[in-house]
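To start, the structure itself, in structure tokens.
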Number of protein chains: 2
Amino acid sequence: MTSGAANAPRRGRPPVTSRAEILTAARRLIADEGWEKLTVRRLARVLGIGTTTIYLHVRDRDDLLIQLINDAAGRSPRPDLPDDPRERVIVVALALHDALGEMPWAADVLAVDGEACLGRPGEDALWYVDEILSSAEEAGCTPERSGDLFVTLWFLMVGELLVQAGSARRKAKTPALDSEQNNALLDRDVFEVGVRSLVQGTLDHTD
Amino acid sequence: MTSGAANAPRRGRPPVTSRAEILTAARRLIADEGWEKLTVRRLARVLGIGTTTIYLHVRDRDDLLIQLINDAAGRSPRPDLPDDPRERVIVVALALHDALGEMPWAADVLAVDGEACLGRPGEDALWYVDEILSSAEEAGCTPERSGDLFVTLWFLMVGELLVQAGSARRKAKTPALDSEQNNALLDRDVFEVGVRSLVQGTLDHTD
DNA sequence: ACCTGAACACCGTTCAAGT
DNA sequence: ACCTGAACACCGTTCAAGT
């Protein structure tokens with residue numbers, strides 16, 4: 001068992017780690033020490049492997065972050081979808097926000113490579129995009145207007161996540177400035193208010 | 001003239017640079033080589049001074065970026081304001097976007113320290129905030145709703161700027177992928193559509 | 001009174017060499 | 001077949017020393 005494989009005839013040194021182990025360790029590292037501590041070197045140190053071994057499983061640092069986000073989007077549960085298409089747009093937008101909100105640093109990566117995370121077929125997170133677009137059309141949008149709505153919702157979400165990440169970072173530096181968690185809740189509420197206004201303003205539009 | 005001052009009796013070595021020179025050099029550096037090349041060390045090298053001299057005029061790197069943004073907001077011309085308060089909200093939001101859009105990397109800083117750039121009295125950019133809030137109230141919003149609208153507009157703008165910065169960076173890496181400038185125009189248009197929908201959805205709301 | 005080099009504690013990434 | 005140390009080319013920031 002230690003050196004012979006039962007099924008596939010493997011040769012040479014066995015791998016010392018795997019993509020899954022790297023992603024898990026990265027999640028731990030972020031949870032334990034904060035997002036800014038996630039560096040390739042630190043991650044390797046935490047895993048007890050050589051720095052350069054990371055590069056056997058990940059193209060570069062950005063690739064690591066993209067895989068992490070995709071992982072989170074796939075892991076996040078799909079919400080129950082209401083029948084009303086208008087409400088469906090809102091529910092899906094909030095679900096996407098929640099899925100990515102656990103990693104507020106995601107905004108940086110999403111901005112750089114939004115398509116890499118959501119736009120490509122075969123990715124875990126694609127259903128969010130499809131559902132928003134098709135629901136908006138079912139609610140009476142032209143395809144073009146649906147696209148505009150999606151992009152605007154996307155901007156709104158990226159902005160909210162970025163600001164959230166910023167205030168979290170600031171709070172980490174200057175502790176005990178205000179209350180603790182209710183700020184995140186407030187942000188979530190303002191986001192929902194914004195999403196609702198935007199959907200209303202888009203769908204009630206007549207020209 | 002070279003060593004004696006006419007007015008205030010100065011002593012010791014004359015300053016080798018100034019805050020204004022540093023900001024100008026930083027703008028040049030960004031224009032010439034791109035935002036990611038703006039480092040404290042490079043900036044000093046460009047100015048032909050010691051790296052550490054920068055720190056006599058700027059608290060740290062973030063402070064440099066904040067000063068740069070404030071500078072840009074102050075330098076940007078104020079638009080003509082229409083009488084209709086609803087349209088005024090839109091015009092000011094677009095003006096703020098344009099003022100910051102010349103430095104799309106601003107989003108990162110704005111998220112970290114939005115208050116430092118806009119929220120504090122005495123800053124050049126404060127009028128944007130005041131004008132949006134008071135116009136929204138004049139258009140019939142409660143103060144609370146005006147605040148929500150402003151925050152949502154802020155998210156929308158930060159998100160749009162961040163995505164714009166990301167696609168600009170990506171285009172710099174992979175040149176000649178599509179057309180050149182019309183993408184920015186398209187983004188501007190989508191932003192305006194979003195702003196209009198948001199304002200409409202907020203102001204037409206009745207509850 | 002003002003400026004600076006050297007140093008500290010880090011980064012991401014590559015590549016020849018080791019097991 | 002898989003892993004790695006050393007090296008390269010950088011960062012931001014501090015502080016004792018220089019002019």
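- Distances were taken from every side-chain heavy atom of A/His57 (C-beta onward) to each of D/dC3, C/dC2, D/dG5; the shortest belongs to D/dC3.
- Counting non-hydrogen atoms under 4.0 angstrom, B/Thr53 reaches a base of the nucleic acid.
- Rounded to whole angstrom, the span from the OH atom of A/Tyr55 across to the C1' atom of D/dC8 amounts to 13 Å.
- Atom-to-atom, CZ of B/Arg61 to P of C/dC11 comes out at 17 Å; the value is rounded to the nearest Å.
- Across all strands, B/Arg41 comes closer than 4.0 Å to base atoms (heavy-atom distances).
- Rounded to whole Å, atom P of D/dG12 lies 13 Å from atom CD of B/Glu36.
- Every residue two or more places apart in sequence or in another chain that forms a side chain to side chain contact (heavy atoms under 4.5 Å, CB included) with A/Thr51 is listed here: A/Val40, A/Arg41, A/Ala44.
- When the P atom of C/dT13 is taken as reference, atom CG of A/Leu43 falls 13 Å away, rounded to whole Å.
- Comparing C/dT14, C/dC3, D/dG12 against the side chain of B/Val40 picks out D/dG12 as the nearest.
- With the nearest nucleotide of DNA chain C identified for both B/Thr51 and A/Lys37, B/Thr51 has the one nearer the 5' end.
- Regarding A/Arg45, its CZ atom lies at a distance of 16 Å from the C1' atom of D/dT4, rounded to whole Å.
- To the nearest angstrom, P of D/dG12 lies 10 Å from CG of B/Leu65.
- Going from the C1' atom of D/dC3 to that of C/dC15 covers 13 Å, rounded to whole Å.
- A residue-by-residue look at A/Arg42 and A/Arg59 shows that A/Arg42 has its nearest nucleotide of DNA chain C further toward the 5' end.
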Problem set entry | Dot-bracket notation for DNA chain D, counting Watson-Crick and G-U pairs under 3.5 Å, with | for partners on another strand | ||.|||||...|||||.||
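- A salt bridge is defined here as a Lys NZ or Arg NE, NH1 or NH2 lying under 4.0 Å from an Asp or Glu carboxylate O, and A/Arg196 with A/Glu87 meets this definition.
- Between A/Gln200 and A/Arg86, the side chains place no donor N or O within less than 3.5 Å of an acceptor N or O (distance only, hydrogens not considered).
- A salt bridge between A/Glu138 and A/Arg88 is present, with a side-chain N of the basic residue lying under 4.0 Å from a carboxylate O of the acidic one.
- Using a 4.0 Å heavy-atom distance criterion, A/Thr39 is classed as a sugar-phosphate-only contact.
- Counting only heavy atoms from C-beta on, B/Asp60 has its side chain closest to D/dT13 among D/dT4, C/dT4, D/dT13.
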For this session: Go through the steps for B/Arg42 and B/Thr39 under the test side chain to side chain contact (heavy atoms under 4.5 Å, CB included), then give the verdict.
Result: CA-CA 5 Å; B/Arg42 245 189 157 82; B/Thr39 72; 3.2 Å; yes
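- A/Glu21 places none of its side-chain heavy atoms less than 4.5 Å from the side chain of A/His57.
- Ion pair A/Asp32/A/Lys37 not flagged as a salt bridge, since none of the NZ, NE, NH1 or NH2 atoms sits closer than 4.0 Å to an Asp/Glu carboxylate oxygen.
- Remark: P of C/dT4 and CD1 of B/Ile54 are 10 Å apart, rounded to the nearest angstrom.
- Between A/Ile49 atom CD1 and D/dT4 atom C1' the separation is 10 Å, expressed in whole Å.
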